[in-house]
Amino acid sequence: MAGIGPREHGDPLPGPRQDKRRLPFPDRFLWGTATAAHQVEGNNVNNDWWAFEQRPGAIWHGDRSGLACDWWRNAEADFDLMANMGHNTHRLSVEWSRIEPQEGTFDPAAVARYREMLTGLHQRGIEPMVTLFHFSSPKWLAAKGGWQNPAVVGHFRRFARHTVEQLGDLVKLWCTINEPNVYAAFGYLLGEHAPGEKNPRHCFQVLSHQLQAHAAAYRVIKALDGGAQVGLVVNIVAFEPLDPASRISARAAKLVDYVFHELTFRPVSDGKLRFPLSAGLASHSPLVDSVDFWGANYYTRKRVSPQRQFLQLTPGAEVSDSGHYGPYGELFPQGIYRALKRVATLGKPIYITENGLPDDDDDQRPRYLLTHLAQVQRAIAEGVDVRGYYHWSFIDNFEWAEGWALRFGLVALDETTQVRTPRRCAQLYTDVIRANAITSEAVATYAPEVMGDMFR
Ligand code: FCB
């Protein structure tokens with residue numbers, strides 16, 4: 001339950017509004033959800049996040065990941081639900097600290113469990129997309145300075161090689177690193193994620209190392225399996241000035257946008273790490289043209305105002321549930337369209353690797369899903385090569401510094417009993433997947449209030 005104001009009106013971008021009664025998606029479009037190992041597996045005791053959770057004040061309400069969604073023992077129960085719901089893909093991550101629990105020592109039992117999970121997905125007709133690094137590092141790596149130590153590039157290359165050698169026959173879609181921009185900013189600048197630092201210099205070092213590690217992993221995967229598709233996942237925020245008439249606000253929004261997005265996008269095309277990233281790599285760097293696709297994670301818009309609180313909500317906007325840091329974000333579906341148009345200029349296919357909102361009582365999620373998907377469909381209709389959509393998330397899971405406060409799942413989880421209860425939106429998503437389209441019936445049933453925005 002959330003929402004402080006009416007839906008925002010007067011946005012300059014028109015919605016998709018079509019005469020037809022359905023907004024179709026391309027054949028063979030991938031439909032699924034995304035998760036991350038530490039957030040769902042449970043008992044990931046050997047990584048830096050587990051250690052971070054023990055720090056007083058680090059996680060809201062002192063929550064712990066604990067058993068999480070118990071996937072290490074029984075992900076298959078949720079895979080069954082996904083299959084019943086018609087999903088044909090799932091994005092998950094592997095946990096580095098399980099596969100390589102000690103530096104240079106790999107655990108065959110962990111690999112075997114991942115093989116079992118990936119096989120289980122295939123058996124259910126669900127194509128896996130696997131992320132190699134999604135925020136959690138082995139403790140041995142953290143003890144050596146983690147992602148701040150340039151040696152991480154070689155460590156990650158070795159981990160990627162081993163993982164792809166062991167799992168590659170079961171995976172055709174790889175993401176190297178999830179959201180280097182968020183990882184660096186939240187862990188090393190804002191201090192909200194492990195390791196909890198507030199040091200701009202370290203933040204940029206870490207981003208630089210993540211990009212180099214991405215490139216190293218990309219080359220390794222392609223050498224092992226030329227047919228694999230390998231991407232990098234970037235979090236895209238619709239940054240806009242709080243007051244568009246203010247030149248200083250507009251400049252600040254541009255600067256934040258550049259630092260958060262372009263410092264990642266540009267080196268992956270031309271190989272050049274720009275200031276304030278460590279300089280040096282250029283045209284022959286392994287970063288040049290190092291993605292087969294882009295993973296775009298889009299959640300929300302942030303207003304930039306250098307005079308007041310730097311990042312804030314649009315006054316009066318409808319917002320999702322609140323956590324430790326206030327409302328998670330405003331509902332701004334046009335932002336995903338803009339994100340897709342922007343990423344399209346980089347010239348590679350795109351997967352929406354995350355999109356969703358925290359909404360415990362599911363009163364906003366149906367509208368969020370439909371309006372965001374309509375904007376995705378609009379981009380596709382205009383020629384953007386979007387290959388799939390992964391909703392965040394399948395099930396409520398351990399939401400990093402927000403603990404269990406924010407509920408992103410299509411399926412509700414009682415983490416103490418492990419009882420699962422699909423939310424209404426799970427059925428809506430199934431209806432969209434089965435039709436491979438947004439139909440006016442689905443809109444009428446689940447979010448009639450946006451009918452006029454979507455169909456004339
Ligand atoms: C993204 C993360 C994901 C989840 C969502 C809500 O930034 O990649 O793990 O926390 O936000």
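For the numbers below, each heavy atom of this structure counts, side chains included, while hydrogens, waters and symmetry mates do not. Whatever order the structure lists ligands and atoms in, that order sets their numbers, starting from 1.
- Counted by atom type alone, Gln418 and Asp414 present zero donor-acceptor pairs between their side chains at under 3.5 Å.
- Residue-level proximity to ligand 1 for Phe186 is absent, since no heavy atom of it falls below 4.0 angstrom.
- At a 4.0 Å heavy-atom cut-off, ligand 1 touches Asn178 through the side chain alone.
- Here the heavy atom of the protein found nearest to atom 5 (C) of ligand 1 is Tyr299 OH, 3.2 Å.
- Side-chain contact, Gln334 with His372: no donor N or O sits under 3.5 Å from an acceptor N or O.
- Near Glu399, meaning under 4.0 Å from one of its heavy atoms, ligand 1 places the atoms 4 (C), 6 (C), 10 (O).
- With respect to the salt-bridge test (charged N to carboxylate O, under 4.0 angstrom), the residues Lys348 and Asp289 qualify.
- Between the side chains of Tyr328 and Ser322, no donor-acceptor pair of N or O atoms lies under 3.5 Å.
- Nearest non-hydrogen protein atom to atom 2 (C) of ligand 1 is Glu354 OE1, 3.4 Å.
- Near Phe408, meaning under 4.0 Å from any of its heavy atoms, are these atoms of ligand 1: 6 (C).
- Shortest contact from atom 7 (O) of ligand 1 to any protein heavy atom: Glu179 OE1, 2.6 Å.
- For ligand 1, the atoms sitting less than 4.0 Å from at least one non-hydrogen atom of His134 are 2 (C), 3 (C), 8 (O), 9 (O), numbered in the order shown with element in parentheses.
- Only one option out of Asn43, Asn44, Asn47, Asp107 pairs with Arg98 in a side chain to side chain donor-acceptor pair (under 3.5 Å); it is Asn44.
- Thr33 and Arg91 share no side-chain donor-acceptor pair at under 3.5 Å.
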